[in-house]
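Have a look at the structure below before the remarks.
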Amino acid sequence: MDRRAELITRERAYSPSRWARDFEASLSRQAELGVRLRERHAPQRIRYGTGPLEGINLFVPEGQGPWPLMAFLHGGYWQELDAAATDFLAAPWLARGWAFASLDYPLAPEAGIEAMVAACRQAIATLRREAGALGLDGCFHLGGHSAGAQLALMSCLGQGRLTDIAGLWLISGIYDLRPLVGTYIDAPLGLDDGRAERLSPLCQELRGLPPVTLAHGELDPPAFRAQGEALYERARAAGVAAELCPLPGCDHFDILERLEAQSCRADS
């Protein structure tokens, strides 16, 4: 296979929209669900930095609390979407007496992935520092979808890692960035082989992670499913409590509407 053909093959393998049934309809539907939720249950907007995308949409249940928290990072290949895209996910957590935080973070090309990881850590530190005033009980879980899953996981790895996370909830994530180097996906990211390796959870020491729940859809790109399965095996080998949850009949985008069965296992 020549270089151009190999590049096209990689680009297709790591383009979830090409494998999904109707990703635009899924994103539109989820955005509308978020609008409806915010209308009936308005979140608090909390700033954790000075940038326009350094804020948190925090949903808390009605009543006194304090409540455990799921903090969640949206996808969009580190260059698209915002916290509002995952606000709709708050509904099942609120119903079970959990707070839910949708995290914004700076996007490429204005920010590198390293800065996004630092922003996630800063957001969690802000929520931790203000937990009492916000009605949070200190039990923090962290999750993410697609690129957001990579950011959530990298926030708990390496120097400066978050050490006070009770569990990770990772949905259809990408955990090895090396195949993205040189693709159109990489254009706003500016990765090289060294940075891609340093930013790939599958290239890091996983020992010491909190319990990890990994979910992916039956119709996720095979490359994404393979990475999730590889992460599950490596996490188990490193002594990390890990669960793999393949979900039948859903793709990389509509999986977010099929998560209620997995979403609140931590409270059982």
Q: Answer yes if the ring centres of Trp169 and Trp93 are under 6.0 angstrom apart, and no otherwise.
A: yes
(Q) Aromatic contact between His145 and His252, with the criterion being ring centroids under 6.0 Å apart: yes or no? (A) yes
**Q.** Cation-aromatic face contact Arg12/Trp19, 6.0 Å, 45 degrees
**A.** yes
Q | Partners passing side chain to side chain donor-acceptor pair (under 3.5 Å) against Ser102 (at least two apart in sequence or in another chain) | A | Asp87
Q: May I ask you to decide if the ring planes of His74 and Tyr105 are parallel, tilted or perpendicular, using 30° and 60° as cut-offs?
A: parallel
Q) Using the ring of each side chain (for Trp, its six-membered ring), is Trp98 parallel, tilted or perpendicular to His141, with breaks at 30° and 60°? A) perpendicular
Mind listing the side-chain donor-acceptor pairs of residues 152-167 below 3.5 Å, one per line with the distance, residues two or more places apart or on another chain?
{"from": "Ser155", "atom 1": "OG", "to": "Leu151", "atom 2": "O", "distance (Å)": "2.7"}
{"from": "Arg161", "atom 1": "NE", "to": "Cys156", "atom 2": "O", "distance (Å)": "3.1"}
{"from": "Arg161", "atom 1": "NH2", "to": "Cys156", "atom 2": "O", "distance (Å)": "3.1"}
{"from": "Asp164", "atom 1": "OD2", "to": "Arg128", "atom 2": "NE", "distance (Å)": "3.0"}

Measure across [X] and [Y] and return the closest heavy-atom pair with its distance rounded to 0.1 Å.
X      : Y      : answer
Asp254 : Ser26  : CB-OG, 3.7 Å
Phe224 : Ser172 : CD2-O, 3.6 Å
Glu114 : Leu199 : OE2-CD1, 3.7 Å
Val181 : Ala196 : CG2-CB, 3.7 Å
Ala115 : Pro106 : O-CG, 4.5 Å
Asp186 : Leu191 : OD1-N, 2.8 Å

Shared ILVMFWY cluster between [X] and [Y], side chains joined below 4.5 angstrom?
X      : Y      : value
Phe253 : Ile171 : no
Phe23  : Tyr77  : no
Leu180 : Leu107 : yes
Ile174 : Leu259 : no
Tyr48  : Leu136 : yes

Side chain of [X], backbone of [Y]: donor and acceptor closer than 3.5 Å?
X      : Y      : answer
Thr183 : Ile185 : yes
Arg18  : Pro221 : no
Gln122 : Val117 : no

Q. Quick one: salt bridge (charged side-chain N to carboxylate O under 4.0 Å, His left out) partners of Arg178, sequence neighbours excluded?
A. Asp176
Check whether any side-chain heavy atom of [X] sits under 4.5 Å from a side-chain heavy atom of [Y], and report yes or no.
X      : Y      : answer
Arg21  : Cys250 : yes
Trp78  : Gln150 : yes
Thr213 : Leu170 : no
Phe140 : Ile124 : yes

Q) Out of Arg234, Glu229, Arg236, which one pairs with Tyr232 under the side-chain hydrogen bond (donor to acceptor under 3.5 Å, both in side chains) rule? A) Arg236
